[in-house]
Number of protein chains: 2
Amino acid sequence: MTEGWQSYRTEKLPEATVLRLGLYQRVLAEFARARRTTISSDELGRHTGENPANVRKDLSRLGTLGTRGTGYDVGTIAARIDEVFATSTPRRVVVVGLGNLGRALVRSRSFFQQGFEVAALFDSSPAVVGTTVAGHVVQPMESVTPEVEALGARFGVLTVPPEAAQDAVERLVRGGVGYIVNFAPKLLQVETTVVVRYVDLSIELQMLGYVEAQGLRSTTSSSIGSSGRQLGSPSAEVLS
Amino acid sequence: MTEGWQSYRTEKLPEATVLRLGLYQRVLAEFARARRTTISSDELGRHTGENPANVRKDLSRLGTLGTRGTGYDVGTIAARIDEVFATSTPRRVVVVGLGNLGRALVRSRSFFQQGFEVAALFDSSPAVVGTTVAGHVVQPMESVTPEVEALGARFGVLTVPPEAAQDAVERLVRGGVGYIVNFAPKLLQVETTVVVRYVDLSIELQMLGYVEAQGLRSTTSSSIGSSGRQLGSPSAEVLS
DNA sequence: TAGATTGTTAATCGATTAACAATC
DNA sequence: TAGATTGTTAATCGATTAACAATC
């Protein structure tokens, strides 16, 4: 994609790797701010709670980027990860549902980053429609499909109550949205071309409740929860 | 635990199973509201996006609860899942950080459910301290440790900026908190007896960005993300 | 009985980790 | 050169899925 520079034909990365690349990115940004030019898999592992072997495996999937005996160049891998996420392509995201969570996400600095930008906001409540949230005037549900289409938005965030989720997603998809983060605890019926990530915040506390009830303890304090992979996700998640 | 009724000595369940039990619970509640008394692994699977074989496997770990040829009794498995999560034991949760996300969680009906209750709120900003959020007066950071101790709270939610996370977690742990959901994108240094779940909301959108960039499409629209879970995590997560 | 659906085994898949040769 | 650290292989672990006998 850039001349004089090999453009790796990155094959489909494992979901777990993609999830971790985001973590690495953050640590790399910290290192860059601290004017550190080099980082080892060991350091990256210590800052993310990941096994260094796993870090190397993840990074090696992006190409041969490290230098034996030295480590990785901070700028090089940061740029490579940005490339994988295509952060330079601006992506318009619409948000449906401006209750507490929707507002929090729209206002937060961290949710929309890396090339994502809020393009429009929608809500079903007449009390909310017409108000301004984070610089955007909230529009009614009837406007979802035409607006999404007009904006060419491909990404949607669903922060509506579960009963409203199916209707909302249909409006989004009709307008052309193909990638959705769904915070409503409800399985959505969508065409198989539409990619949905399900995020369920209440499950995290419940999981801790289980761990306490069992009197179990983690031995190492590691890693991340996609908030969802977590399991993933943790988490069984869409993709592949 | 209850007389005349076998108390299964549920062994440590796989993390992925625990995450799914929460999903099942929700579908069961829906069925109960609809006065349905029976549910099959197939129906439960259709409503959660899980494979029916996996549903049966999960449920069989809780004991022999189903009836061949018929399915599962809605009330029985709902009660059994509640038992696993020990939802009848009230659990006090304190929240540190009342920015957009902290407020959203405290006000939301769905985050604190099933035996969890907000016990106290804390923030470092003088402008926020003293204000009332969802019926609780926000207290300063200096009060975290003594208040947690006085309340006997064992659970904490961290919704502070990453720079403030380590200080906050130390105050929580000193007061006796042992189970933490951390929304700050920062790995916490804690004793190994403390269980931390990491939730990273921005990773979900990033993952979708990756999928779009690759031009990939999911074939089936399935399941959940612990919000991180998707692995849970999706998502490498703490526990075991 | 015939049909339905569980409980469980075996096969598969994907992800993590340890170990070490390659090499800076 | 000696020390450090990558890239990669092989071993392990955990989770999913298909298949089917057991049984209501």
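Just the heavy atoms: all of them, side chains too, but no hydrogens, waters or symmetry mates, feed the values below. In the text below, chain A, chain B and the rest are named by the order of the sequence lines, each starting its count at 1.
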> Touch check for N51(B), heavy atoms < 4.0 angstrom, all strands: base, sugar-phosphate only, or nothing?
Replying inline: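 Sugar-phosphate contact only - N51(B) comes under 4.0 Å of backbone atoms but never of a base.
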Given atom [atom1] of [X] and atom [atom2] of [N], what is their separation to the nearest angstrom?
X      : N       : atom1 : atom2 : answer
R61(B) : dT16(D) : CZ    : C1'   : 10 Å
L62(A) : dT6(D)  : CG    : P     : 14 Å
N54(A) : dC13(D) : CG    : C1'   : 13 Å
L59(B) : dT16(D) : CG    : C1'   : 15 Å
L44(B) : dT5(C)  : CG    : P     : 13 Å
R56(B) : dA4(C)  : CZ    : C1'   : 11 Å
L65(B) : dT5(C)  : CG    : C1'   : 15 Å
R80(A) : dG7(D)  : CZ    : P     : 13 Å

> If you pin K57(A) and T70(A) to their nearest nucleotides in DNA chain C, which one's is more 5'?
Replying inline: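 First, find each residue's nearest nucleotide; the 5'-ward one identifies K57(A).
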> Is the backbone of A86(A) close enough, under 3.5 Å, to the side chain of Y210(B) for a donor and an acceptor to pair up by distance?
Replying inline: no
> Name the one of T159(A), L101(A), V157(A), V181(A) that satisfies side chain to side chain contact (heavy atoms under 4.5 Å, CB included) with V199(A)?
Replying inline: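 Single side chain to side chain contact (heavy atoms under 4.5 Å, CB included) partner of V199(A) among T159(A), L101(A), V157(A), V181(A): V181(A).
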> Heavy atom of residues 33-42 of chain B under 4.0 Å from DNA chain D: which residues?
Replying inline: none
>> Only pairs with both distances under 3.5 Å count, Watson-Crick or wobble alike; so what is the partner of dC24(D) in this structure?
In response: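 Pair assignment: dC24(D) / dG3(C).
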>> Partner lookup for dT12(D), please. Criteria are Watson-Crick or G-U wobble with both distances under 3.5 angstrom; report none if nothing qualifies.
In response: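 dA15(C) - that is the nucleotide pairing with dT12(D), both distances being under 3.5 Å.
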> Where each residue is assigned the nucleotide of DNA chain D containing its nearest heavy atom, which of A53(A) and G69(A) is assigned the position nearer the 5′ end?
Replying inline: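 That would be G69(A).
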> So, is Y72(A) close to the dC24(C) phosphate, meaning a side-chain N or O under 4.0 Å from OP1 or OP2?
Replying inline: no
> Is the distance from OP1 or OP2 of dT16(C) to the nearest side-chain N or O of R20(A) less than 4.0 Å?
Replying inline: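 Affirmative; the distance criterion is met.
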> Do Y179(B) and V211(A) come close enough that some side-chain heavy atom pair is under 4.5 Å?
Replying inline: yes
> About how many Å separate OG1 of T48(B) and CG of L28(B), when rounded to the nearest 0.5 Å?
Replying inline: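 If I round to the nearest 0.5 Å, the distance is 10.0 Å.
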> Could you state the interatomic distance from CD (Q206(A)) to CZ (R91(B)), rounded to the nearest 0.5 Å?
Replying inline: 9.5 Å
> Hey, do the aromatic rings of H47(B) and F31(B) have their centres closer than 6.0 Å?
Replying inline: yes
>> Looking at R68(B) and dT6(C), is any side-chain donor or acceptor paired with a base atom of the opposite kind under 3.5 Å?
In response: yes
>> Go through it in stages, so that I can follow the logic: the residues are R80(B) and E83(B), the test is salt bridge (Lys or Arg N to Asp or Glu O under 4.0 Å), and I'd like the CA-CA distance, side-chain angles, deciding distance and then a yes or no.
In response: CA-CA 5 Å; R80(B) 185 72 188 95; E83(B) 210 187 323; 3.5 Å; yes
